[in-house]
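Values reported hereafter were calculated over all heavy atoms of this structure, with side chains retained and with hydrogens, waters and symmetry mates removed.
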Amino acid sequence: MTLLEVQNLKVHFPVKPGVFSRARAHVKAVDDVSFSIAPGETLGLVGESGCGKTTLGRAIVRLTEPTAGSVLFEGDDLAHLNGAALRARRRNVQMIFQDPFGSLNPRMTVEDIIGEALDIHDLADSKAARRARIGELLASVGLDAAYAQRYPHEFSGGQRQRIGIARALAVEPKLIVCDEPVSALDVSVQAQIINLLQDLQQQRGIAYLFIAHDLAVVEHISRRVMVMYLGKLVESATAKEIIRAPKHPYTQALISAVPEVDTDTKRKRIVLPGDVPSPIHPPSGCRFHPRCPIAEQPRCITEAPELRELGAEHITACHLAK
């Protein structure tokens, strides 16, 4: 059974012509990405900064408009819904943002921040019911109900992120897009938030799209992991498989950069040459070939690799992967 199915999703941003260039161009932030999420599943999404992870997450919840493709949630295409129909479906798909302070209105109390979702979707019959529901939500994320009258600046980063989680839970969603929800927090607080998300998933059966750049965190919380590079999906497998047996050269380079605790087994560090190419003019063929240590000419330069299956739930877009 599939909860969310993304098919051939594209998000291209137009670039205005400049003084030295009259031609119209587009930033291909997300370029033909497809995947699915089952109910109650956690799907991890990793890649370098600028690869399109956040844009993909925002396009799913329609904070960014897709250019093409479909986002099927329980059969309904969110990419083509508008007005009341979209608002009704948004109850089921919520988002937790990376910046726990910037995502909260500093002029609103916690009660108003969480209660706003209840008001929009008419989920509280009275002020007393609204106040009681907000208290329950705060308690579910480990905060005291008395905090409802405080403002965001009165909380620590971890507490603010808990408020963001409570706001996402207010409408009882079936899927939450977590956009690097722990990257701005201290390591000890990161563990608390990860444990909270896992507890909430067990209690409520919520599915997560967990976007992060920390592979250790992704391995811990995710059942499957996808790897993106320059707007494209390059590999997908179970978390255990992708950490221990990555097939794509880019994934292998990412894994090699993860610090190792066990000093008895040292992993060879793979240093990629050059910088990530411009998403306005991505390379021909395989987009990774200018930095790939095993690229072959002319195939990798001229022929774009298709995602192909290498094992159970393991797919990769590489001509040379075995």
Side-chain angles (χ1 to χ4, degrees), residues 3-4 6 33 35-54 56-57 60 95-96 98 158 161 165 175-202 205-229 232-272 288 307 309-318 321:
L3 179 68
L4 177 77
V6 175
V33 172
F35 63 92
S36 62
I37 301 177
E41 180 187 25
T42 298
L43 175 63
L45 178 59
V46 300
E48 291 175 287
S49 296
C51 72
K53 304 187 302 297
T54 294
L56 175 59
I60 290 173
M95 191 165 187
I96 300 171
Q98 178 179 0
Q161 195 61 290
I165 295 172
L175 170 69
I176 296 180
V177 177
C178 305
D179 182 19
E180 302 200 34
V182 297
S183 62
L185 306 177
D186 294 337
V187 175
S188 60
V189 180
Q190 287 183 11
Q192 295 172 15
I193 298 299
I194 292 297
N195 291 336
L196 172 62
L197 290 172
Q198 289 181 312
D199 291 341
L200 292 170
Q201 185 176 53
Q202 293 176 358
I206 305 170
Y208 295 133
L209 174 61
F210 193 90
I211 302 169
H213 60 264
D214 190 331
L215 284 164
V217 171
V218 171
E219 180 188 14
H220 176 72
I221 195 173
S222 305
R223 190 189 76 81
R224 289 187 298 132
V225 176
M226 299 190 306
V227 182
M228 282 187 70
Y229 180 79
K232 288 278 192 180
L233 178 62
V234 298
E235 189 163 10
S236 176
T238 63
K240 182 178 180 180
E241 178 78 7
I242 212 161
I243 295 295
R244 287 160 178 74
K247 303 301 182 184
H248 197 282
Y250 176 64
T251 309
Q252 293 170 356
L254 290 181
I255 300 300
S256 75
V258 177
E260 293 181 273
V261 177
D262 186 358
T263 56
D264 294 333
T265 57
K266 291 189 176 181
R267 189 186 296 119
K268 183 180 178 180
R269 179 76 168 90
I270 301 173
V271 180
L272 298 177
F288 185 59
L307 283 167
E309 189 172 345
L310 298 181
E313 296 187 278
H314 197 152
I315 58 174
T316 188
C318 178

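In this structure, Glu219 and Lys240 have side chains that are not in contact, with every pair of non-hydrogen atoms separated by 4.5 Å or more. Contact annotation: the side chain of Leu4 approaches that of Phe35 to within less than 4.5 Å [non-hydrogen atoms, C-beta and beyond]. Between Ile243 and Val225 the shortest side-chain heavy-atom distance does not fall below 4.5 Å.
The CD atom of Glu235 sits 12.5 Å away from the CE atom of Met226 when rounded to the nearest 0.5 Å. From Thr54, atom OG1 reaches atom CE of Met95 across 6.5 Å, with rounding to the nearest 0.5 Å. If you take CG on Leu43 and CZ on Phe210, they are separated by 11.5 Å, rounding to the nearest 0.5 Å. Atom CG of Leu307 and atom OG1 of Thr316 lie 7.0 Å apart (nearest 0.5 Å). Within the model, atoms CD1 of Ile165 and CG of Leu196 stand 4.5 Å from one another, a figure rounded to the nearest 0.5 Å. Put simply, CD1 on Ile206 and CG on Leu200 are 6.0 Å apart, with the number rounded to the nearest 0.5 Å.
Side chain of Thr251 to main chain of Pro246: no donor-acceptor pair is present (N/O by atom type, distance under 3.5 Å, no hydrogens or angles). Between the Tyr208 side chain and the Ile221 main chain, no donor and acceptor come within less than 3.5 Å of each other. At distances below 3.5 Å, at least one donor-acceptor pair connects side-chain atoms of Gln190 with backbone N or O atoms of Val182. At least one donor-acceptor pair closer than 3.5 Å links the side chain of Lys53 to the backbone N or O of Gly47.
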Handout entry: Step-by-step side-chain contact (heavy atoms from CB on, under 4.5 Å) determination, Gln161 to Ile96
Key = CA-CA 8 Å; Gln161 195 61 290; Ile96 300 171; 3.6 Å; yes
Problem - Stepwise side-chain contact (heavy atoms from CB on, under 4.5 Å) test for Lys247 and Cys318 - result: CA-CA 8 Å; Lys247 303 301 182 184; Cys318 178; over 6 Å; no
Practice task
Check the pair His248 / Phe288 against ring pair (Phe, Tyr, Trp, His ring centres under 6.0 Å), numbers first and verdict last.
Solution key: CA-CA 10 Å; His248 197 282; Phe288 185 59; 5.7 Å; yes
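The nearest pair of heavy atoms linking Ala253 to Arg269 is O-NH1, 4.1 Å. Contact detail for Glu180 and Ala212: the closest heavy-atom pair is CG-CA, 3.9 Å. Nearest heavy-atom pair, Leu215 versus Leu254, reported as atom, atom and distance to 0.1 Å: CD1-O, 3.6 Å. Nearest heavy atoms, Gly40 versus Ala207: N-CB, 3.7 Å. When all heavy atoms of Leu197 and Pro181 are compared, the closest pair comes out as CD1-CG, 4.4 Å. Taking each heavy atom of Gly57 and Ile211 in turn, the nearest pair found is CA-CD1, 4.1 Å.
For Ser236, the side-chain hydrogen bond (donor to acceptor under 3.5 Å, both in side chains) criterion is met by no residue, not counting sequence neighbours.
Sorted by first and then second residue, the side chain to side chain donor-acceptor pair (under 3.5 Å) pairs involving residues 38-51 (not counting sequence neighbours) are Glu41-Arg223, Glu41-Arg224, Thr42-Gln201, Glu48-Tyr250, Glu48-Arg291.
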